[in-house]
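This report concerns only the one structure given below.
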Amino acid sequence: MLSTYLLLILVLFFLLTTLIPQYIVEWQIEYRKNSLKTAGDEIGKRIDYYLGFYDSTIYTTYIDNVTRQYAGSLNSRVMIFDGNGRIISDSNNQFKQQSLDLPQIRDALEGRSTWNNYFFNDIGNVLYLAVPVFFDGNISGGVLIANSINDLYDNVDVINDTIKTIIFIVGVLITVGVAIISNHFLKPINKFYPVINKLAKGDFGDRVDVRSNDEFKMLANSFNSMSIKLDEVEQQREDFVGNVSHELKTPLASIKLLSESLLTQDKVEEKVYKEFLSDINNETDRLNSIVTELLSLVDLNKKHLVLEYEMTNLNLDIDKILDQLKPFADQKNIKIVFEELDNIMIRLDKNKIKQAIINIVHNAIVYSPEFGVVTVKLYKDRDQVVLEIEDTGYGIPKENIDSIFDRFYRVDKARSRNTGGTGLGLSISKQIVNLHNGSISVSSVLGVGSTFSIRLPIQQGV
Ligand SMILES: Nc1ncnc2c1ncn2[C@@H]1O[C@H](COP(=O)(O)OP(=O)(O)OP(=O)(O)O)[C@@H](O)[C@H]1O
Ligand SMILES: [Mg+2]
């Protein structure tokens, strides 16, 4: 890229220093030639009569006067020649009565006006131009003008010097300008490199510090928000892996402990055997449910997840869910009430939404003491379907409310352990509701109960 620019600059330099002065000198010579020709024609008109009737005794003085006058005004040497090419007047008085063998004289005697540029070692560049002089339709001689054009070449040298000076100044300005601009642009860019390199190595902690107030600042801000996001994602990933390992390790440790103690004891009563095996069985179930929940969460997080929408009678489905959960509620003497304020037909991914509702109603039962009431309300609110699940349970402390939808988050780890929870249920429910463009919220009073509200837009999957 840079070499292309340099080549371009060199070509431009060559054009400026050679072609342009050459063109200028040619153009000036052409101009000089034309003005000399005009002058030659003018001289011709003044002497044509005298040349036509040339008589050296009478007219020499007059012709010499004209020759000298024009030589002065044209700053040239002016000569007049007769029809035989013989010089009859020379402003330098050198060639009088001589014949000069010049192509311009020959051409003029044939009626053509030609010119040429000659170079002499002692006097330099001289322009020779001859014009024929006509009298009575015949060529009676001609005017030869020799004009030094050294001044034109000198001009070219001046132009050349000027161009070189301009190019030099422009070059210096461009170099200084480029240095300043590149410094201005590269300085902030250079601040990005170390941070990007660290980012590439997995260190997301560094930020780019650009103090200016321009596009670089905006770029740095966007870049920093990106690395903050990456940092968060990385943190979440680490937490997730840590939590998963921890969750899996606990039942595994129990299984290991139970089986080891059975193996190391010699005579174990059948009753103890059965008890230990039943505990191992429970822990295995727990492992199984953790893995199943994790898999469904991973599925829900897939970028290209497609929901399988179908027209659903939500009243009917919730009825089925409550029937399904009744045995759990009965164990704790918990009453389930279903208030169907509206009949709702809606397009949903039935199985996923059912899963979301089950998780929440199940929680309402699990996190309530005996003899509680779980009230499920279903109604339409303008263009939304609302499902409220209200319990008379333990409630959730204010400081924990914002976290209960996080993966593996449990308010009371000891109690949750007894109830066998993994802390994934609500994050799964929230993910499902979000996929349906809905929202989920909770209000709770400690010791009184909690209400979870799911809101889904009625227009789904269109
Ligand atoms: N209705 C509720 N009343 C009181 N606390 C609740 C209620 N629902 C959820 N919580 C709290 O929120 C936590 C997270 O609930 P979530 O359903 O995500 O996990 P979990 O019930 O512990 O385990 P699981 O993944 O098996 O459902 C629970 O551990 C509990 O502390
Ligand atoms: Mg739960």
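Whatever order the structure lists ligands and atoms in, that order sets their numbers, starting from 1.
- Using a 4.0 Å cut-off between heavy atoms, Phe405 makes no contact with ligand 1 at all.
- Not one N or O of Phe452 is nearer than 3.5 Å to an N or O of ligand 1, by distance alone.
- Other residues, nucleotides and ligands place more than 12 heavy atoms under 6.0 Å from the CD atom of Glu399.
- Heavy-atom proximity to Ile396, at under 4.0 Å, picks out these atoms of ligand 1: 4 (C), 5 (N), 6 (C).
- Within the set Leu297, Val411, Ile358, the minimum heavy-atom distance to atom 11 (C) of ligand 1 is found for Val411.
- Salt-bridge formation is not detected for the pair Lys352/Asp299: no Lys NZ or Arg NE/NH1/NH2 atom is positioned less than 4.0 Å from an Asp or Glu carboxylate oxygen.
- Using a 4.0 Å cutoff on heavy atoms, Tyr394 does not count as a contact of ligand 1.
- Those atoms of ligand 1 that come under 4.0 Å of a heavy atom in Tyr409, given as number and element, are 13 (C), 14 (C).
- By the 3.5 Å distance cut-off applied to N or O atoms, Asp391 is counted among the residues near ligand 1.
- Aromatic ring pairs are classed by plane angle as parallel below 30°, tilted from 30° to 60° and perpendicular above 60°; the pair Tyr118 and Tyr128 is perpendicular.
- Among the backbone and side-chain atoms of Asn363, an N, O or S atom lies under 2.8 Å from the Mg ion (ligand 2).
- Looking at Val143 and Glu42, their side chains never come closer than 4.5 Å, going by heavy atoms from C-beta outward.
- Heavy atoms from other residues, nucleotides or ligands lying under 6.0 Å from NZ of Lys217 number more than 12.
- The closest approach between a heavy atom of Ser450 and any atom of ligand 1 is below 4.0 Å.
- Every atom of ligand 1 with a heavy atom of Ile404 under 4.0 Å away is listed here by number and element: 12 (O), 14 (C).
- No side-chain donor-acceptor contact under 3.5 Å links Gln459 and Asp383.
- Atoms OG1 and CG, from Thr312 and Asp317 in turn, are 6.0 Å apart once rounded to the nearest 0.5 Å.
- If you look at Glu293 next to ligand 1, the close heavy atoms, those under 4.0 Å, all belong to the side chain.
- For a threshold of 3.5 Å applied to N or O pairs, the pair formed by Leu424 and ligand 1 contains at least one separation below that value.
- Considering both main-chain and side-chain atoms, Gly395 never comes within under 3.5 Å of ligand 1 through any nitrogen or oxygen pair.
- Heavy-atom contacts from other residues, nucleotides or ligands closer than 6.0 Å to OH of Tyr23 number 12 or fewer.
- Electrostatic pairing of Lys271 and Glu275 does not count as a salt bridge here, judged by no charged N lying under 4.0 Å from a carboxylate O.
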